[in-house]
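Below: the structure, in structure tokens.
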Amino acid sequence: MKHVDAYRDPVLAKTLRAAIAEEATGRRYALMEFCGGHTHAICRYGLEDLLPPTVTMIHGPGCPVCVLPIGRLDMAIELALRPGVILATYGDMLRVPGSNGNSLLKAKAAGADIRMVYSTQAALDLTEKHPDRQVVFFAIGFETTTPPTAVALAHAKAKGLRNFTVFCNHVLTPPAIDAIMATDGTDGGIRIDGVVGPGHVSTVIGTGAYEEAADKHRRPIVISGFEPIDVLESVLRLVRQINRGEARVENGFSRAVRRDGNAKALALIDQVFGLRDSFEWRGLGAIPHSALQLTDAYADFDAERRFGLVHRTVPDHKACECGDILRGVKRPSDCKVFGNACTPDNPLGSCMVSPEGACAAFYLYGRFRDVAATA
Amino acid sequence: MCLALPAKVLGITGETGTVELGGVEIDISLALLDDVQPGDYVVVHVGFALSKIDEAEARATLAALHAARQAAAPPPPQHRNGGEEAAG
Ligand code: SF4
């Protein structure tokens, strides 16, 4: 497959492995891959086994399903159960546990009209098929899923649709990276020496969006693609910068990412969304200016306003360590119920649901090794 | 849901592109990109193309990786230079 196979070349992997081992000496390197797509790739290809003991990969919170707090999911479930509402959602959300053992899947079984969609266009199509119903799109995700939501909203406004709203939960990557880099390891977080930055998010926001965080915290960020060679090369670049005392943003995914990102997508986001003062993240808590809401011009399409939804903070399941895992403080195998009471078929926490969640990725690709290694 | 592969654009009608993704043909939206032509590769997410793959950058990246490999060790006997062209 073009643009894929060449980045899975075992000979290149060997060279990069040797270069990392040669250069990562004399100290420890705690590197966080922010994005769940990278966590998935690291587990799938066993990349941690290729790294020297001096380099530790810490799995970050960049999994859209994982970081949505239970309170927001509860709002979606409540909405779905209202008469006349069709809730359109990406499939990953269906099995995420809400409070009291609830989930969208259970709400669906109880009679709620919940439709799984692959794109925002499919949600718009529902408005035409069901003119007498209120179609609500459950919008989640980082800057990769935000532009498609913006496109749908712009269409809905242009057409003057009266039965389409968006329950907006879009979050922003740079404030979360800033919050994670701000910890020095003494305040319940973990000190990170460098960040493997998200590749697909950066196609939209560009590498320039990380310069402030790298400058402020004096630590490097390397934007990476998702194939094994991409990730290994980004690790090497981070090790080199750390050794030289540098703190630059580097573009390791230049075939897809530009410094200024996707201007068309950014303009659309600007037209439709504004910043929230603060937003709660699972694991990271409330982070100022870290999420989007619909602007006043789009108030008619805002499900929170139309249906008067109110957010309550709800604690995670008692046994679940997702919060600490999302902060990088714990690993999935540190959770007592990992792989026994909690599995992808029966997830107790959000990190076990989508394949980008750290617990699910560990379960699918590496749990026996990891559990054995830490037992 | 952030997992994605580069998809090859086969045809374009208005804002809709037909792409080949892992051997399957699907329709996606090109509303977020300008200047996409059939034959281009795009990064697709939840039904939308977010970015066009820059062929020159891809070649440069692979050339640099292979140059570093050759500098680190003599090439193995049956190695294929580049790799990307052969993978087309
Ligand atoms: S294994 Fe399950 S319960 Fe434990 S942290 Fe992961 S998602 Fe939560």
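All heavy atoms count here, side chains included; hydrogens, waters and symmetry mates do not. Predicted model only: the values in this text are computed from it and were never measured. Proteins come first, then strands; the chains are lettered A, B, ... in the order of their sequence lines, and each starts at number 1.
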Is [Y] close to [X] at the side-chain level, that is, under 4.5 Å between some pair of heavy atoms?
{"X": "B/Leu32", "Y": "A/Lys264", "answer": "no"}
{"X": "B/Arg69", "Y": "A/Leu16", "answer": "no"}
{"X": "A/Val4", "Y": "B/Pro6", "answer": "yes"}

query = Out of A/Leu12, A/Asn262, A/Thr203, which one racks up the most heavy-atom pairs below 4.5 Å with chain B?
reply =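 Greatest number of close heavy-atom pairs with chain B: A/Leu12.
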key: Residue among A/Gly261, A/Pro148, A/Pro198, A/Ala150 with most heavy-atom pairs under 4.5 Å to chain B   =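 Answer, by heavy-atom pair count under 4.5 Å with chain B: A/Pro148.
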How many angstroms lie between atom [atom1] of [X] and atom [atom2] of [Y], to the nearest 0.5 angstrom?
{"X": "A/Ser202", "Y": "B/Leu50", "atom1": "OG", "atom2": "CG", "answer": "11.5 Å"}
{"X": "B/Asp54", "Y": "A/His3", "atom1": "CG", "atom2": "NE2", "answer": "9.0 Å"}
{"X": "B/Leu62", "Y": "A/Tyr7", "atom1": "CG", "atom2": "OH", "answer": "4.0 Å"}
{"X": "B/Gln70", "Y": "A/Thr15", "atom1": "CD", "atom2": "OG1", "answer": "9.5 Å"}

message = Is B/Ala56 close to chain A through its backbone or its side chain, or both, or neither, when contacts mean heavy atoms under 4.5 Å?
response =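 Looking at B/Ala56, nothing touches chain A.
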inquiry  = At a 4.5 Å cut-off on heavy atoms, which part of B/Leu33 comes close to chain A: side chain, backbone, both, or neither?
reply    =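 For B/Leu33, heavy atoms of backbone and side chain both lie under 4.5 Å from chain A.
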ask   = Just one of A/Thr144, A/Thr120, A/Val117, A/Thr145 clears the side-chain contact (heavy atoms from CB on, under 4.5 Å) bar with B/Val46, so which one?
value =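 It is A/Thr145; the other options fail the test.
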key: Carboxylate-amine/guanidinium proximity below 4.0 Å for B/Glu55 and A/Lys2   =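 Between A/Lys2 and B/Glu55 there is a salt bridge, with a charged N closer than 4.0 Å to a carboxylate O.
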message = More than 12 heavy atoms of other residues, nucleotides or ligands under 6.0 Å from CD of A/Gln271: yes or no?
response =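 More than 12 heavy atoms, drawn from other residues, nucleotides or ligands, come within 6.0 Å of this atom.
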query = Is there a donor-acceptor pair closer than 3.5 Å between any side-chain N or O of B/Ser51 and the backbone N or O of A/Ala256?
reply =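 Present.
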query = Relative to chain B, which segment of A/Ser119 carries a heavy atom at a distance below 4.5 Å: side chain, backbone, both, or neither?
reply =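 The answer is both parts of A/Ser119.
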message = Out of B/Asp34, B/Ile28, B/Thr61, B/Val43, return the one with the most heavy atom pairs under 4.5 angstrom to chain A.
response =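 Ranked by contacts with chain A, first place is B/Asp34.
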key: Qualifying residues under disulfide (SG to SG under 2.5 Å), relative to A/Cys63, sequence neighbours excluded   =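 In terms of disulfide (SG to SG under 2.5 Å), with neighbours along the sequence ignored, A/Cys63 is linked to A/Cys66.
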Pairs of donor and acceptor atoms involving the side chains of residues 227-235 of chain A, under 3.5 Å and at least two apart or interchain, shall be tabulated with distances.
{"from": "A/Glu227", "atom 1": "OE1", "to": "A/Arg8", "atom 2": "NE", "distance (Å)": "2.5"}
{"from": "A/Glu227", "atom 1": "OE1", "to": "A/Arg8", "atom 2": "NH2", "distance (Å)": "3.1"}
{"from": "A/Glu227", "atom 1": "OE2", "to": "A/Arg8", "atom 2": "NH2", "distance (Å)": "3.3"}
{"from": "A/Asp230", "atom 1": "OD1", "to": "A/Arg255", "atom 2": "NH1", "distance (Å)": "3.1"}
{"from": "A/Asp230", "atom 1": "OD1", "to": "A/Arg255", "atom 2": "NH2", "distance (Å)": "3.4"}
{"from": "A/Asp230", "atom 1": "OD2", "to": "A/Phe226", "atom 2": "N", "distance (Å)": "3.4"}
{"from": "A/Asp230", "atom 1": "OD2", "to": "A/Glu227", "atom 2": "N", "distance (Å)": "3.1"}
{"from": "A/Asp230", "atom 1": "OD2", "to": "A/Arg255", "atom 2": "NH2", "distance (Å)": "2.8"}
{"from": "A/Glu233", "atom 1": "OE2", "to": "A/Arg237", "atom 2": "NE", "distance (Å)": "3.3"}
{"from": "A/Ser234", "atom 1": "OG", "to": "A/Ser224", "atom 2": "OG", "distance (Å)": "3.0"}
{"from": "A/Ser234", "atom 1": "OG", "to": "A/Asp230", "atom 2": "O", "distance (Å)": "3.0"}

